[in-house]
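None of these values were measured; they are calculated from a predicted model. Starting from 1, each residue takes its place in the sequence as its number.
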Amino acid sequence: WLKAHGSIKHLAVHSSSYVLIICQWMLHTMRHIVLLSSMAAGASACSNFYMNYTNPDYRLSGRSEDMAYMAADVIHSFPRGRVASPPNSTTWTAKYGFVGFCGPQDPFVDDPKDNIYDGLNEMGLSCSSLTMFGTKYAKHPGADPTRNLYAPFMCRWVLENFATVEEAKATLAGMHVFARPGGMKEHFYLADEHRHGLVVEFMDGKVQLTLDMNDGGKTGLGIFTNSPPFGWQLQAIKHFEWKRSLAKSSVAIPGTFYPDDRFLRMYLFREAIESGAQPMSYREAVARVVSILNTVAVPPGGLSGTGGLGDHSKWQVVRDHKNRKVYWRALDSPSLQLIDLKKLAFAPGSPVTTLSSEIPDTVWYRDVTSQMISKFEHSQQHASNTPMMV
């Protein structure tokens with residue numbers, strides 16, 4: 001045996017090399033599994049809201065995307081005319097172009113570009129995917145493939161086919177949405193230029209559609225987070241308002257990042273802005289959205305009270321539904337970036353263009369030191385030329 005395989009020393013050297021290769025492969029595989037597992041666990045601390053400004057030109061909404069994995073997400077511009085063929089589902093050709101956020105990899109689809117986390121189309125309709133534990137899609141496709149939809153394709157289907165919440169609701173009511181058991185657990189929020197919203201949830205294999213007219217709680221509040229379901233969140237707000245109505249009320253602004261606390265916090269801060277600090281300019285309108293996003297931003301580091309191990313805010317978005325613009329900032333790129341949908345090539349045959357949610361070569365601050373120096377020098381010069389009074 002030693003003749004065939006060489007000396008003990010030679011065998012030991014080669015064995016250690018084999019062990020090193022195997023260990024490196026196992027480490028790479030484990031990292032891949034951890035990445036996909038964290039993605040499969042979902043975004044358990046996401047937040048979404050639509051402002052109720054009195055100026056009808058300011059149709060702005062905000063969204064915070066929170067996940068555990070650190071890899072940057074991907075932003076795509078998708079043109080009209082793309083053909084979609086989800087498994088065992090309806091097929092379609094894109095009627096509208098859109099900008100969408102996706103993961104770099106995805107455990108639920110072969111192509112990550114099919115599972116859109118958040119997007120805005122050229123008609124001003126947005127679609128947001130947020131985790132809700134307890135979600136139960138149908139386990140299998142139905143008999144009619146033209147009415148089937150594989151759940152991870154939801155936001156792509158919405159953004160490529162509809163212009164308003166009402167259009168999407170009418171078609172969704174007849175769809176059979178299914179997913180693999182043990183897979184994704186997302187509910188969805190659609191919003192359009194008219195400040196209308198649609199909550200799309202799945203309980204016991206059936207779709208539940210709730211129109212949210214952003215009307216102070218009669219149908220909804222234009223606010224959306226994670227678990228429990230939307231109806232529970234609305235009841236929690238009504239209970240909070242009951243406590244505030246008492247003769248000697250004592251209520252506090254909640255400080256954790258659990259979904260119900262974030263829902264209530266956004267409700268309170270948005271209420272304060274809309275009642276006492278309506279924006280006087282477009283810049284102020286965007287800044288007010290950012291100020292609310294700041295209240296739900298989760299820093300990295302495994303903070304307690306998030307509902308998900310290692311959850312942190314990967315990126316945040318301000319959508320302009322009327323002017324078709326998407327502003328965003330990311331964890332390590334804190335300054336707002338802008339994508340103007342009106343300037344993108346959405347014509348059929350146009351290429352899919354791509355950006356990282358983190359842009360390392362982008363200017364992330366503005367250096368105004370020169371302005372401070374010039375003002376100082378100007379004041380010094382002015383002082384030297386002014387005669388002294390005796």
Side-chain angles (χ1 to χ4, degrees), residues 38 41-52 60-68 117-118 128-135 185-189 191 197 199-201 203 210 212 214-246 249-277 288-318 329 331:
S38 64
S44 59
C46 296
S47 307
N48 194 83
F49 60 93
Y50 205 135
M51 299 302 292
N52 251 334
L60 303 177
S61 65
R63 189 258 170 87
S64 184
E65 168 76 356
D66 302 347
M67 277 193 176
Y117 300 162
D118 201 278
S128 304
S129 172
L130 294 82
T131 296
M132 187 184 77
F133 299 112
T135 294
K185 301 182 184 298
E186 305 289 300
H187 60 174
F188 304 88
Y189 193 88
V199 174
V200 185
E201 296 181 319
M203 302 294 180
T210 306
D212 178 357
N214 204 350
D215 50 13
K218 295 177 183 177
T219 61
L221 295 160
I223 298 172
F224 200 61
T225 56
N226 310 99
S227 311
F230 182 69
W232 187 98
Q233 302 282 12
L234 290 184
Q235 290 300 318
I237 295 296
K238 290 178 181 179
H239 184 63
F240 178 85
E241 287 296 352
W242 170 78
K243 288 190 288 187
R244 281 214 291 190
S245 70
L246 299 177
S249 65
S250 178
V251 292
I253 297 175
T256 78
F257 294 100
Y258 294 126
D260 54 331
D261 279 2
R262 283 182 283 109
F263 196 105
L264 179 54
R265 196 155 65 242
M266 288 187 291
Y267 168 73
L268 292 172
F269 288 128
R270 199 191 72 169
E271 178 189 53
I273 289 172
E274 291 169 356
S275 62
R288 301 286 190 273
V289 178
V290 172
S291 69
I292 296 179
L293 287 171
N294 290 339
T295 72
V296 294
V298 183
L303 192 68
S304 299
T306 61
L309 183 62
D311 265 3
H312 64 281
S313 296
K314 297 192 67 181
W315 43 264
Q316 295 182 315
V317 168
V318 179
R329 63 182 184 181
L331 175 65

query = Under a 4.5 Å cut-off applied to non-hydrogen side-chain atoms, are S129 and D118 in contact?
reply = no
request  = Name all pairs fulfilling the salt bridge (Lys or Arg N to Asp or Glu O under 4.0 Å) condition that reach into residues 288-299, sequence neighbours left out, sorted by first residue then second.
outcome  = E284-R288
key: N226 side chain vs C46 backbone, donor-acceptor pair below 3.5 Å   = yes
key: Residue pair T135 / E201, side-chain heavy-atom distance below 4.5 Å   = no
query = Does T210 have any side-chain contact (heavy atoms from CB on, under 4.5 Å) partners at least two apart in sequence or in another chain, and if so, which?
reply = V199, F230
query = Considering residues at least two apart in sequence or located in another chain, which fulfil the ring-ring contact (aromatic ring centres under 6.0 Å, His included) criterion with Y50?
reply = H321
ask   = Rounded to the nearest 0.5 Å, how far apart are CZ of F133 and OG of S227?
value = 6.0 Å
query = Any side-chain heavy atom of H312 within less than 4.5 Å of one from T306?
reply = no
ask   = Does P300 reach the side chain of L331, with side-chain heavy atoms less than 4.5 Å apart?
value = yes
inquiry  = Suppose we screen for side chain to side chain donor-acceptor pair (under 3.5 Å). Which residues come up paired with T295, at least two apart in sequence or across chains?
reply    = none
key: Worked check of side chain to side chain contact (heavy atoms under 4.5 Å, CB included) between S291 and I273   = CA-CA 10 Å; S291 69; I273 289 172; 3.6 Å; yes
remark   = Between L234 and T219 the two heavy atoms that sit nearest each other are CD1-O, 3.7 Å
request  = Give a yes or no on whether the backbone of F224 and the side-chain of N48 come within a donor-acceptor separation of less than 3.5 Å.
outcome  = no
inquiry  = Looking at every heavy atom in both L268 and P254, which two are closest together, and how far apart are they?
reply    = CD1-CD, 4.5 Å
Min side-chain heavy-atom separation M132-P229 under 4.5 Å = yes
task = Report yes if the side chains of F257 and D66 come closer than 4.5 Å at any heavy-atom pair, otherwise no.
result = no
request  = Sequence neighbours left out, what passes side chain to side chain donor-acceptor pair (under 3.5 Å) with T256? Give chain and number order.
outcome  = D261
message = Restricting to side-chain contact (heavy atoms from CB on, under 4.5 Å), what partner residues turn up for D260, sequence neighbours left out?
response = W232, Q233, Y258
request  = Could you check if a side-chain atom of L264 sits within less than 4.5 angstrom of a side-chain atom of F240, using non-hydrogen atoms only?
outcome  = yes
request  = Using the test side chain to side chain donor-acceptor pair (under 3.5 Å), find all partners of R329 that sit at least two apart in sequence or belong to another chain.
outcome  = N294, Q316
note = Contacts satisfying salt bridge (Lys or Arg N to Asp or Glu O under 4.0 Å) that involve residues 227-245 (not counting sequence neighbours) are E241-R244, R244-E271
message = Under the rule for side-chain contact (heavy atoms from CB on, under 4.5 Å), what residues qualify as partners of N52, not counting sequence neighbours?
response = R195, N214, R270, E274
ask   = Short question: side chain of H187, backbone of T225 - any donor-acceptor pair under 3.5 Å?
value = yes
request  = For residues L130 and R63, determine if any side-chain heavy atom of one lies less than 4.5 Å from a side-chain heavy atom of the other.
outcome  = yes
inquiry  = Once rounded to the nearest 0.5 Å, what's the spacing between atom CD1 of I237 and atom OH of Y267?
reply    = 6.0 Å
key: ring-ring contact (aromatic ring centres under 6.0 Å, His included) against F49, all qualifying residues, sequence neighbours excluded   = none
message = Can you confirm whether the side chains of R262 and S47 place a donor and an acceptor under 3.5 Å from each other?
response = yes
